[in-house]
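Each remark here refers to the structure printed beneath this line.
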Amino acid sequence: MAVLFGPISKITFFNEETGFGIVKIKLDYKHKDLLPYRNILFSNQVNVLSAFDRKPLIDEEYEFQGEIETSQYGMQLRAKTFRRINEQSKEGIITYLSSDYFPGIGRVTAEKIYQKLGSDSLNKIADDKSNLDDIVLSSKQKETIYENVVTNMKNEKQIVDLLNLGLTMKMAVRISKELGLEAIKEIKKNPYQLINLIEGIGFLRADHIAKNIGIVQDDPIRIQALIRYALSQLLFRTGNTYVEQGELFQEILRILGEENDFFNRDLFARELDNLQIQQQIIMEHQDIFDYPIYHQEKFIAQKLISILEHGTSHVQAEEIDEKINEVMRLNRIDYKPKQLEAIKKALTQSITIITGGPGTGKSTIIKGIMDTYVSCFRSEAAASQIALAAPTGRASKRLRELTKYPAVTLHKLLGYDGGNRFNALQEPPLEYNMIIIDEFSMVDLSLFHVLLSCMKDETVLVLVGDADQLPSVMPGNILKDLIDSKEISTVRLDIIHRQTDGSSITMLAHHINSGEMPYNLADFQPACQFYHCQDTEILPLLEEKLVNALADGLDLIKDIQVLVPLYRGDLGIDKINFRLQDRFNPLAEEINYLGKRFRVNDKVLQLINRHEKQVMNGDIGTIISLSYQEEKFIGLDVLFDFGSVHYEKDEMEDLSLAYAVSIHKAQGSEFPMAIIPFSFKYYGMLKRKLIYTAITRAKSQVIMLGNEDALRKGIVELEENRKTKLVDRIQSIFLGISEEEGKKELTPYDFL
C-alpha cells in the first residue's frame, strides 16, 4: 500500500453523516519517503478519498495509507487508514483549537494556549484540565476545550482500534458514530450486534471480528448469532414468516461448511432455548419465528378483528344506490354487478378486499368508491377524509392519473423516516374515515403491521390488488392470507372489462394464470408477439426490437421496459443493462462507481427508500447532469416524475441502470411496452406468478423473445406457497380456540 502524507490544501467534499470526504494534500518531495511517488503522481497536489472520524481542517497534516488509482481526473489515493500527524506542531495546534470544533475559541486564544503549553498542548489538556488555569479563559471556554480535546482523542484512538479489528475505514467511522466512545468496549462484549446496527456487516464479517478478539467457535454468543443469521436468511429468501427446526439446522450446516466439527443438535437445541428466553425468537412446537415477526403477525390478526368489530360506515346505506346511479350518470359509465357489489361493500363494511386480474376494473372501482363517497357528502372536500395510497411511487402516480384524486405512497402516508422509523407511530392515529390501498399484493407483513398500528378501529379499510401476482419481496403473503381466512368480505372480479388495443394481453395473462399454455401464441397478435430464437440471438434481437419501437415513436425511458428474472449471467439484468447502455446511450462521458457506470441521459432505478429525498424504491428516472468541483466528480442529478434529485458520489450506490429491471421491481407499474426474454438460463425463476406479473406490466404491447419451451415451463411451474400463520391466527380468534391469547392486548412499540 502507498503511504502519502502532507497538509490538507483543499476540502473538496465532506459528508457529516457518513464521514466520507475528498481532500487534496500537498506533498513535499524533499522528504525521502515521498520522493519515489514523484514520477507516479506527476504533481505535488493529490486527491485523497477517505472516511474520517471528523471533518478535516485546512493545513492539518495527515498520513494516509491506501491504493493509488487512476481516474479520469488523474491519479488519486483511495485511503484505507489515516492518522493526523501535526497535532504537535505550532500551526497544527493553533489551527485545530481555533476551528469550528471549539466554538468561542479564536486564533488569538489558541496561540496563547500554545505559547503556554507548547508542542504537547493537547496531551497536557487531556491529562489535566487545570493546565488551562494560567491562561485567561472563561470557565465555559475551559470546559469546551477540555471536553472536545478528550473526545476527539478518544475517537481517533477508537478508529485505529476498530481498523485493527479488520474493519474498513468507512465501517469504523459508522460504528464509532453509532456506538459512541464505548464502541470498542461494546464490540468486545458482543461483536455480532454489529449485524443489526451497521449496514454492510453480515454474520461472516462480524464472525471475523469475533475471531480477532478471541471468541471461540462454540461460544454461546457466536452460536446464537449464527442461528439468528440463518433464520433471517431463510425468512427473507423464502418470504416465509417462520421456519421448521430441521430446515434451520440444515441451513446452519450449509453456512458453516467444511469448518464444522462442533455443531450438533444438542448445541442447537440448547441455544434455541437461550434465544427464546432472551426474546430473540419464539418457538411453537417445531416452528421457529423471529420475535418481531411473530408478534407482528399476532398483532395484525387481533387488530383486524378489532376493526371488524368496531369499524364504522360513514355513509348512509339507504342512499348509496341513489348516489352510485348519480355517479354513473355523471361519468357516463355503467358499473357491472361485481363492480357495484365492490363499491357498496367498500362503503358499508369495516374491511373489504377487492381482487382481480388485469382489465377487471379495479381502478374503475376505486374511482367509483371515491366519487360515490364525495357524492354522499355533496362536497369535494369529503375526498380529504379518504387516504388513497399504493406501495410504490409509480403505483401511486398511476392511481392519481386513473382516479383523478390525490394518492401517495404508503410510506409517505405513514411518515417514513428511514430505517424502521415511521413518524405516524409517534403521533395520534391517522385521522381518516377510510383508507384505500391499491396494489396490496406488494405489501409485506412488517409494513401492514405499521399501517394497522397507526389506524383507529373505526377507520374503514379497503384493500385492492391482484392475489395472483407475486407476493411481497419481504416476509408475508398478506393479501392471499386475508382472502384465505374467509373472515373478511372479499369481492372477486372475474370479468374482463378493458377493451383496448392491449386487451389480448389481458386474455393471455388469464390463460397463464389458469396454467394454460396457448396452442398458438399468434392468436394474441398484434399486442402479444413471441419471437423464437436461440440464447445467443436474444440480445441482438432485443436491440432490434428496441430500435423498431423507437422508430415508431416510443420513448425508451417512459414507454418501454425490459423485464428480466435474474441479475447475473450472460442474459442477466446487469449484462443487458450494459449492452443497452452502449447501444442507446453511447459513451461520451462516464462515471464508474462500485462496478456501476453512469452517463448523462441514462435510465436509472432507485433501489432503496430515501425519505429525506422523497424518492422511493422502484422509482425510475433519467440522469440529467454530472456535478464537478475543481474538475473532480462529486455527484449527479436524476430527473424523476416529481422533480430532480441530487446524489453525492457516495450515495450513488442507491442507483442502478434501468434499461432492464427485475420483474419484482416493476411490480405496481405499467408500461406501454414490455419486452421479456425467455431462456432456460432463468430456470429456477421460471414460475407462473413471475410470468403472469411480467406480462401484466404491459399496457399496449408485450414482446416475448427466446425459447417458447421456457415460457411453457414457467406457466406450468407453481411457486411454493409461503409458510405463514396469519390465517390460523385470524380463524382461531374468530372460533375462540385461544380466547386468552385473543384478548391479550399487544402494543406495537414493543416489537418494532
Side-chain angles (χ1 to χ4, degrees), residues 239 336 338-339 341-343 345-346 351-369 388-392 394-399 402-403 407 410 436-444 447-448 461-474 476-485 488-498 500 502-516 561 563 618 662-671 674 676 687-699 702 714-715 718-719 721-722:
K336 301 301 185 251
K338 283 283 188 180
Q339 294 175 312
E341 179 189 354
I343 294 170
K345 283 189 173 181
I351 307 176
T352 303
I353 295 171
I354 302 168
T355 185
T360 56
K362 296 188 296 297
S363 299
T364 299
I365 290 169
I366 293 175
K367 179 169 173 55
I369 295 168
L388 197 55
T392 68
R394 292 180 70 86
S396 62
K397 177 176 181 286
R398 179 167 161 264
L399 193 55
L402 292 171
T403 65
L410 194 47
I436 303 174
I437 309 297
D438 194 18
E439 296 289 353
F440 188 71
S441 63
M442 299 175 65
V443 175
D444 60 72
L447 187 58
F448 192 46
L461 184 60
V462 181
L463 308 174
V464 184
D466 186 348
D468 295 315
Q469 282 191 28
L470 290 167
S472 58
V473 174
M474 304 292 275
N477 199 0
I478 303 296
L479 180 57
K480 182 178 183 299
D481 285 349
L482 297 187
I483 294 171
D484 289 350
S485 74
I488 296 172
S489 178
T490 301
V491 181
R492 294 180 180 272
L493 307 171
D494 50 15
I495 298 175
I496 300 170
H497 301 288
R498 185 191 298 165
T500 66
S503 59
S504 59
I505 297 174
T506 302
M507 298 301 298
L508 176 60
H510 281 272
H511 275 279
I512 291 170
N513 197 36
S514 300
E516 301 171 7
Q561 189 59 63
L563 302 175
S662 72
I663 296 163
H664 275 96
K665 288 290 186 185
Q667 200 169 352
S669 302
E670 264 193 351
F671 310 94
I676 311 165
K687 301 288 175 64
R688 184 181 300 171
K689 282 184 183 289
L690 189 91
I691 294 173
Y692 172 78
T693 302
I695 295 291
T696 55
R697 297 313 90 209
K699 188 175 181 180
V702 59
I715 291 174
L718 293 174
E719 287 85 352
N721 284 328
R722 290 188 171 184

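Computation of the quantities below employed the complete heavy-atom set of this structure, encompassing side-chain atoms and omitting hydrogens, waters and symmetry-equivalent molecules.
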Once you round to the nearest 0.5 Å, how far does [atom1] of [X] lie from [atom2] of [Y]?
| X | Y | atom1 | atom2 | answer |
| --- | --- | --- | --- | --- |
| T392 | D438 | OG1 | CG | 9.5 Å |
| I353 | L479 | CD1 | CG | 6.0 Å |
| F448 | L482 | CZ | CG | 5.5 Å |
| T355 | K480 | OG1 | NZ | 11.5 Å |
| H511 | M507 | NE2 | CE | 5.5 Å |
| K336 | I495 | NZ | CD1 | 8.5 Å |

Is the side chain of [X] donor-acceptor paired with the backbone N or O of [Y] at a distance under 3.5 Å, no angle test?
| X | Y | answer |
| --- | --- | --- |
| E719 | L690 | yes |
| S396 | R394 | no |
| K338 | V491 | no |
| Q469 | D466 | no |
| S514 | E516 | no |
| T352 | K345 | yes |
| R688 | L718 | no |
| K689 | A467 | yes |

Side-chain heavy-atom pair T360, D494 within 4.5 angstrom cut-off: no
Tell me, do I354 and I369 make a side-chain contact under 4.5 Å, heavy atoms counted? yes
Nearest heavy-atom pair of G357 and Y692: which atoms, and what distance? CA-OH, 3.3 Å
Taking every non-hydrogen atom, the tightest pair across I488 and S485: N-OG, 4.2 Å
Should L410 and L447 be marked as a side chain to side chain contact (heavy atoms under 4.5 Å, CB included) after you check the CA-CA gap, both sets of side-chain angles, and the distance that decides it? CA-CA 9 Å; L410 194 47; L447 187 58; 3.6 Å; yes
Given side chain to side chain contact (heavy atoms under 4.5 Å, CB included), test L493 with K362 step by step and report yes or no. CA-CA 8 Å; L493 307 171; K362 296 188 296 297; 3.8 Å; yes
Lys/Arg N to Asp/Glu carboxylate O, R697 vs E670, below 4.0 Å: no
Taking atom types as modelled, find out whether E439 and Q667 have a side-chain donor-acceptor pair closer than 3.5 angstrom. no
Taking CZ in R492 as the centre, count heavy atoms belonging to other residues, nucleotides or ligands within less than 6.0 Å. Is the count above 12? no
List the steps, then state whether side chain to side chain contact (heavy atoms under 4.5 Å, CB included) holds for L563 with Q561. CA-CA 6 Å; L563 302 175; Q561 189 59 63; 3.6 Å; yes
Could you walk me through whether I366 and L388 satisfy the side chain to side chain contact (heavy atoms under 4.5 Å, CB included) test, starting with their C-alpha distance in whole Å, then the side-chain angles of each, then the deciding distance to 0.1 Å, before giving a yes or no? CA-CA 9 Å; I366 293 175; L388 197 55; 3.6 Å; yes
If the condition is salt bridge (charged side-chain N to carboxylate O under 4.0 Å, His left out), which residues does D468 pass it with, not counting sequence neighbours? none
